[in-house]
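Start at 1 and go down the list; that is how both ligands and their atoms are numbered. Since the structure is predicted, the reported quantities are computational estimates derived from the model, not experimental observations. Sequential numbering from 1 along the given sequence is applied to the chain's residues.
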Amino acid sequence: MKLLVDAGNTRLKWLLVGDGHLVGTGSAILDADDPFCDIRCQSAHIRRVAVSTVISEERRQHLQVQLEAFCRAPIVFHWAEPRRGGLVNAYTETDRMGADRWHAMYAAWQADEGGFAVVDAGSAITIDYVADTGAHLGGYILPGKQMMLRSLRQDAARIGFDASDVQAAEPGASTTECVQHGLVWLWASMAARIEADCRRLGLGRVLVTGGDAEGLLDAGLSAHHEPSLVLKGLAAVDGESERE
Ligand SMILES: Nc1ncnc2c1ncn2[C@@H]1O[C@H](COP(=O)(O)OP(=O)(O)OP(=O)(O)O)[C@@H](O)[C@H]1O
Ligand SMILES: CC(C)(CO)[C@@H](O)C(=O)NCCC(=O)O
Ligand SMILES: [K+]
């Protein structure tokens, strides 16, 4: 079996696969003491671990120690690359790009259905555009939902607000409404902007992933929800590098 790990700044997601079929899936807060406790009894059967991560080098080393304590299999970290197959990275400094973005793009590219946008609504939100030819056209990095709410709470003395699941975008009449509706309003504008970019660039598909994907869909983004897009791309990359 192979363990695939996507370690983001907030959460770690994993898939356990054996002979092309899914054995298990799970997630944990990044700093959990034992993120793989649910699959401890299977650890002896894991023959390889592949990781896509965007965490700091210090936390990456800590994750590696946790994985080494968990199972004896080789651990391979995969990073953003200049190109893979027909997919070509727009970055000149490829190694500065988050591995999650590259792996999500590669998963979408593998579907072989033409140009696309990938939206990853995680701790940060990333948007990447890829043309029919496989040329990455570049992207955007924006603060994620919790990051935005946290900065409003922390950096402005009088912005106190409550949590809300309300998906409303009309002008608010309380601090909570102004903040929460403001977020939906911003996301709705972002959704419209992504659609306009896709029309202009001739991209036929939008894929969305990440912990806040559903919020973006509710705010009006018209996209296919692929919760495991990063892990899917990582699986493809790791499978190819094993065969090389
Ligand atoms: N169980 C959960 N725990 C934490 N955040 C969650 C959870 N469910 C949804 N979220 C939302 O998901 C967002 C984090 O998404 P995700 O887990 O995809 O991030 P990440 O992969 O750790 O981040 P990144 O890859 O951007 O570093 C948060 O902004 C939060 O609003
Ligand atoms: C933007 C995030 C945090 C999204 O997870 C990640 O992809 C990252 O740390 N990227 C590094 C900067 C870049 O991609 O240019
Ligand atoms: K992510």
S.K.: Between E57 and R60, does at least one N-O distance fall below 4.0 Å, as a salt bridge requires?
M.R.: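 Judged by the 4.0 Å cut-off on N to carboxylate O distance, E57 and R60 do form a salt bridge.
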S.K.: Just distances here: any N/O of K145 and N/O of ligand 1 closer than 3.5 Å?
M.R.: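 N/O-N/O distance below 3.5 Å does not exist for this pair.
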S.K.: What I want to know is whether M97 and ligand 2 share at least one N or O pair that is separated by under 3.5 angstrom.
M.R.: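 M97 vs ligand 2: no N/O contact under 3.5 Å.
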S.K.: What atoms in ligand 2 come closer than 4.0 Å to a heavy atom of Y91?
M.R.: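 Counting atoms of ligand 2 from 1, those under 4.0 Å from Y91 are 13 (C), 14 (O), 15 (O).
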S.K.: With backbone taken as N, CA, C and O and side chain as the heavy atoms from C-beta onward, which portion of K13 lies under 4.0 Å from ligand 1: side chain, backbone, both, or neither?
M.R.: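 Side chain only.
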S.K.: Say whether G144 and ligand 1 are in contact under the criterion: heavy-atom distance to a ligand atom below 4.0 Å.
M.R.: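 No.
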S.K.: Among I55, D120, D212, which one has a heavy atom closest to atom 13 (C) of ligand 1?
M.R.: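 Nearest heavy atom to atom 13 (C) of ligand 1 lies in D212.
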S.K.: Using only N, O or S atoms, tell me which atom of D120 is closest to the K ion (ligand 3).
M.R.: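 The nearest such atom is OD2.
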S.K.: Counting from 1, what ligand 1 atoms have a heavy atom of A124 closer than 4.0 Å?
M.R.: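 Per the distance check, 26 (O).
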S.K.: Give the numbers and elements of all ligand 1 atoms closer than 4.0 Å to a heavy atom of Q146.
M.R.: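 Listed by number with element, the hits are 28 (C), 29 (O), 30 (C), 31 (O).
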S.K.: Looking at R11 and D6, is there a salt bridge between them, counting it only when a charged N and a carboxylate O are closer than 4.0 Å?
M.R.: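 Salt bridge absent between D6 and R11.
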S.K.: Going by the order shown, which atoms of ligand 1 are within less than 4.0 Å of some heavy atom of G8?
M.R.: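 By the 4.0 Å cutoff, the relevant atoms are 20 (P), 21 (O), 22 (O), 25 (O), 27 (O).
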S.K.: Could you check which of V230, T53, D100, V54 puts a non-hydrogen atom nearest to atom 4 (C) of ligand 2?
M.R.: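 That would be D100.
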S.K.: Testing the 3.5 Å rule here: is there a donor-acceptor pair between the side chains of R101 and Y106?
M.R.: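 Not at all, the side chains of R101 and Y106 share no donor-acceptor pair under 3.5 Å.
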S.K.: Just heavy atoms, cut-off under 4.0 Å: does D120 contact ligand 2 by side chain, backbone, both, or neither?
M.R.: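 It is neither; nothing of D120 touches ligand 2.
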S.K.: Do me a favour and list the nearest non-hydrogen protein atom to atom 18 (O) of ligand 1 with residue, atom name and distance?
M.R.: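 For this ligand atom, the closest protein heavy atom is G211 N, 2.8 Å.
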S.K.: Please state which protein non-hydrogen atom is closest to atom 4 (C) of ligand 1 and give its distance, to 0.1 Å?
M.R.: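 Looking at atom 4 (C) of ligand 1, the protein heavy atom closest to it is R11 CD, 3.6 Å.
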S.K.: Rounded to the nearest 0.5 Å, what separates atom CH2 in W185 from atom CD in E170?
M.R.: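 Spacing of CH2 (W185) from CD (E170) equals 13.5 Å.
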S.K.: List ligand 1 atoms under 4.0 Å from V54, heavy atoms only on the residue side.
M.R.: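 Result: 27 (O).
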S.K.: Checking the N or O distance criterion of under 3.5 Å, is ligand 2 in contact with R101?
M.R.: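 There is such a contact, yes.
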S.K.: Does any N or O atom in N9 lie less than 3.5 angstrom from one in ligand 1, N or O only?
M.R.: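 It does: an N or O of N9 is found under 3.5 Å from an N or O of ligand 1.
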S.K.: For N9, is at least one N or O under 3.5 Å away from an N or O on ligand 2?
M.R.: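 Such a contact does not occur with ligand 2.
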S.K.: Determine which of the N, O or S atoms in D100 is closest to the K ion (ligand 3) and give its atom name.
M.R.: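 Of all N, O or S atoms in D100, the K ion (ligand 3) lies closest to OD2.
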S.K.: Report the nearest protein non-hydrogen atom to atom 23 (O) of ligand 1: residue, atom name, distance rounded to 0.1 Å.
M.R.: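 The closest one turns out to be S123 OG, 2.7 Å.
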S.K.: Is there a donor-acceptor contact under 3.5 Å linking the side chains of S52 and H78?
M.R.: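 Note: S52 and H78 side chains miss the donor-acceptor criterion.
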S.K.: Output the list of atoms in ligand 1 that are nearer than 4.0 Å to some heavy atom of D100, sorted by atom number.
M.R.: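 Checking each atom against D100, I get 25 (O).
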